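Numbers restart at 1 for each chain; the letters A, B, ... are given by sequence-line order, proteins then strands. Keep in mind the model is a prediction, meaning the values are calculated, not measured.
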There are 2 protein chains.
Amino acid sequence: MNQKLAAQRHELILRAVRTHGTVRLPDLVELLGVSAVTVRRDVTALADRGLVVRVHGGITMPRHAEPFPRGPQSVVGPAQTHPLVGMVAPSVEYYWPAVIQGAQTAVAAAGGRLVLRASSYDAIEDRRRVCELLDRGVQTLLVAPSTTGRAGVELLRWLGAQSVPVVLVERLPPPALPTIALDAAVTDHEIGAGLAVRHLATLGHSRIGLVTSRQSPHSDAIRAGWTTAVSSLELPFNGVPALDVPPYGSPQWTRVVDQVIDECLNASVHAVLVHADREAIGLLERTRERGVRVPEDLAVVSYDDEVAAASDPPLTAVRPQKHRLGALAAQLALARLADPLDRPVHRVVLWPTLTVRESCGNELNTSRGLG
Amino acid sequence: MNQKLAAQRHELILRAVRTHGTVRLPDLVELLGVSAVTVRRDVTALADRGLVVRVHGGITMPRHAEPFPRGPQSVVGPAQTHPLVGMVAPSVEYYWPAVIQGAQTAVAAAGGRLVLRASSYDAIEDRRRVCELLDRGVQTLLVAPSTTGRAGVELLRWLGAQSVPVVLVERLPPPALPTIALDAAVTDHEIGAGLAVRHLATLGHSRIGLVTSRQSPHSDAIRAGWTTAVSSLELPFNGVPALDVPPYGSPQWTRVVDQVIDECLNASVHAVLVHADREAIGLLERTRERGVRVPEDLAVVSYDDEVAAASDPPLTAVRPQKHRLGALAAQLALARLADPLDRPVHRVVLWPTLTVRESCGNELNTSRGLG
DNA sequence: TCGGTTTCGATCGTTTCCGATCGTTTCGTT
DNA sequence: AACGAAACGATCGGAAACGATCGAAACCGA
């Protein structure tokens, strides 16, 4: 163990500086068991990345500076004085609050005001809400409309013909309307599902199941991401359950979740990706009742990370960057408002991140104890 | 122990890295009982699939995200007073000057400085230029690398392993590396080609030809966009020329452009989309010499809009938003610099716009990004 | 049995990392 | 202000690791 990798040393240095605030260089020499010049090199490397700050004789934590001037905002023209931004979200109970907050902060930072209308995954109602906002005098719109079926296509066509700029949030025009010129900010849920699959594969699982929540607009993307990740990792499909379940709390719920657990156990599947925190937590409840241990018997990754941290055990979860997405959508709308003509269509895709907690039995925390 | 399949070795490697967090390569050699080069091969395979991360001398667990939120306040990087941004463009003669200017203005607006290195559509040279910039001390990089072939994949892998943030410009990771976590800003050239086809169709053309410039990295996308637009508009393919021509000025040029004109006239094709202004202008020259009238006998849309306005007659052209794209890429890089850890991967897609001039013979007004 | 393909290992030149040394700068004490 | 000690940066050389190429062995279908 005398010999350590550069990455290990960096990790240890970061940990030391995090716990102690400041670290003297000779202490690091002793801690790492390498020469002083090597420590200096490591420290300069970390300082170049901005992870620590060099001072004479040691290092300290980086001061949390203000974000970069003007942030990731686009090149915009003259600032609108007090833009009124409308937003139509399909729900305000799940997933969307963070998106709305993100939009809210971005609009407020621009000196504007956000007006929200809640809809309910229905194209007709979406359109009604948009009309209300237009009557209210909004200058631009963030919309997460229903895009399925004939009504969805019709709604998108109508949105694209509005005179105020419209930005789609977590929605893209369907293949039937590939060229409708609307800005959009979306999360790549396929990549997100792939992150989960890869994480489980790294932990040694080869048979990785999937549970998606019926009637969620993201289910298809998550299933697609799961499929491509499993096949690109050359993991087996046959016998691995990939179920579409009714939402948590519905009458058939207990029966279906029991079926999920049974199928996993029967097929030697010890890892599942579960779409939507609620369903994952429901699955955890049922495993507790039935004596199935998580993560020993079944590793679980949740998708959404709304309340995954508070479950028992805390769920490792894929986290769409909802707040950022909302902010980004608002910035797109404001930028379009400032430059409605020349500005080309922007389509921004954000990748989710993976937050590792305890529901997969990750030994990463314990393994570095004796550094 | 002596004889193992590759899959078994991979399994053992994953288990080792899982239990220890990091593994040195010689340890794996001893553990697996195979040669070092084989271990290296296995490790690169696993790293390509995103299951482990390669570091010099060994491997570590992939860090999808920070397991522990770091501090109550949003952690950001150092306050870069005067960020130094490097850029590698494959050419400074065509298309790229506008991109570079866009990046330049964005970096300057943030109080930083842009350092440019020109390369030449070659992965080896791209890498050398990047090294030069790193030696120069740049804190972040905008790169438009060559992504084709083995060398291209290798280059992308290397770019993804750099410690400074890298933003891809007009390039996306190839399908072989779908999960490499690099920000990117690209133009949707498929949409651009579709814009041209749709414009010509609106003007009454049903048989719409295509001329692409050989050895351009965008040719494939333009051809794909032309194909999908033609087929989704249910226009005919058969007999319609879709040629890949050598660049303007090459020895065969006159022969080939004559062939293009002949094929169009013979097949009753009175509209073509021509990739790259130079080739379109060359086509116009030849039509003048041969007495073919533009737009009466042949409507021409050019792709790129570098010098299309100055041709005779002025060319209707698809215009990638090069200046904006460069600015956007620079903003992505600066934002990543300010927040290197928590910020998710951003992929931004810009649509080109269509600038209507006289080479298609219509009297519509200039079309805009949004209708 | 044959030919093609895949997989693994040996070798070699190159790159990268690490430590020793030395001269210079910075800090703290008198 | 002067001094010494500590820290720092630069340079060099050895050792380890890396990538590329070639060749041998195993595998597989015909």
Inset, instruction - First locate atom CG of B:L31, then atom CZ of B:R15, and finally report the distance between them rounded to the nearest 0.5 Å. - result: 9.5 Å
Inset, instruction - Could you run through nucleotides 21-30 of chain C and give me one letter per nucleotide, 5' to 3': B if any protein heavy atom sits under 4.0 Å from the base, S if only the sugar-phosphate is that close, - if neither? - result: ------S---
Legend entry - Charged N-O contact under 4.0 Å between B:R347 and A:D188: no
Legend entry - Minimum-distance nucleotide (side-chain atoms of A:S35 versus C:dC8, C:dA20, D:dA7): C:dA20
Inset, instruction - Can you tell me which residue pairs pass the side-chain hydrogen bond (donor to acceptor under 3.5 Å, both in side chains) test with a partner in residues 20-38 of chain A, sequence neighbours excluded? - result: A:S35-A:T38
Legend entry - Nearest heavy atoms of B:L155 and B:R127, plus distance in Å: CD1-CB, 3.8 Å
Inset, instruction - Could you pick out which residue, B:D42 or B:R127, lies toward the 5' side of DNA chain C when each is mapped onto its nearest nucleotide? - result: B:D42
Legend entry - Distance, rounded to the nearest Å, where B:E30 contributes CD and D:dA17 contributes C1': 17 Å
Inset, instruction - Report, as yes or no, whether the 6.0 Å neighbourhood of atom CD on B:E93 holds more than 12 heavy atoms from other residues, nucleotides or ligands. - result: no
Legend entry - Atom-to-atom span, NE2 of B:H10 to P of C:dC8 - whole angstrom: 8 Å
Legend entry - By ring-ring contact (aromatic ring centres under 6.0 Å, His included) - contacts of A:W226 (at least two apart): A:F237
Legend entry - Base C:dG9 to side chain B:R41, donor-acceptor N/O within 3.5 Å cut-off: yes
Inset, instruction - Rounding to 10 degrees, work out the angle separating the end axes of the helix from C:dT1-D:dA30 to C:dT30-D:dA1 (five pairs an end). - result: 40°
Legend entry - Distance below 4.0 Å between A:R9 side-chain N/O and C:dC18 OP1 or OP2: yes
Inset, instruction - Looking only at side-chain atoms of A:T38, point me to the closest of D:dA17, C:dG19, D:dC18. - result: C:dG19
Inset, instruction - Taking side-chain contact (heavy atoms from CB on, under 4.5 Å) as the test, write out the residues that go with B:D122, two or more places apart. - result: B:S120, B:I124, B:E125
Inset, instruction - Please state whether the phosphate of D:dG9, meaning OP1 or OP2, lies under 4.0 angstrom from any side-chain nitrogen or oxygen of A:R54. - result: yes
Inset, instruction - Could you check whether A:V39 gets within reach of a base, just the sugar-phosphate, or nothing at all, counting any heavy atom under 4.0 Å? - result: nothing
Legend entry - Interatomic distance where CD belongs to B:Q8 and P belongs to C:dT7 [whole Å]: 15 Å
Inset, instruction - Could you grab the distance from atom CH2 of B:W96 to atom NZ of B:K322, nearest 0.5 Å is fine? - result: 10.5 Å
Legend entry - Test ring-ring contact (aromatic ring centres under 6.0 Å, His included) applied to A:H270 - qualifying residues, sequence neighbours left out: none
Legend entry - Value in whole Å for how far the P atom of C:dG9 lies from CG of B:L32: 10 Å
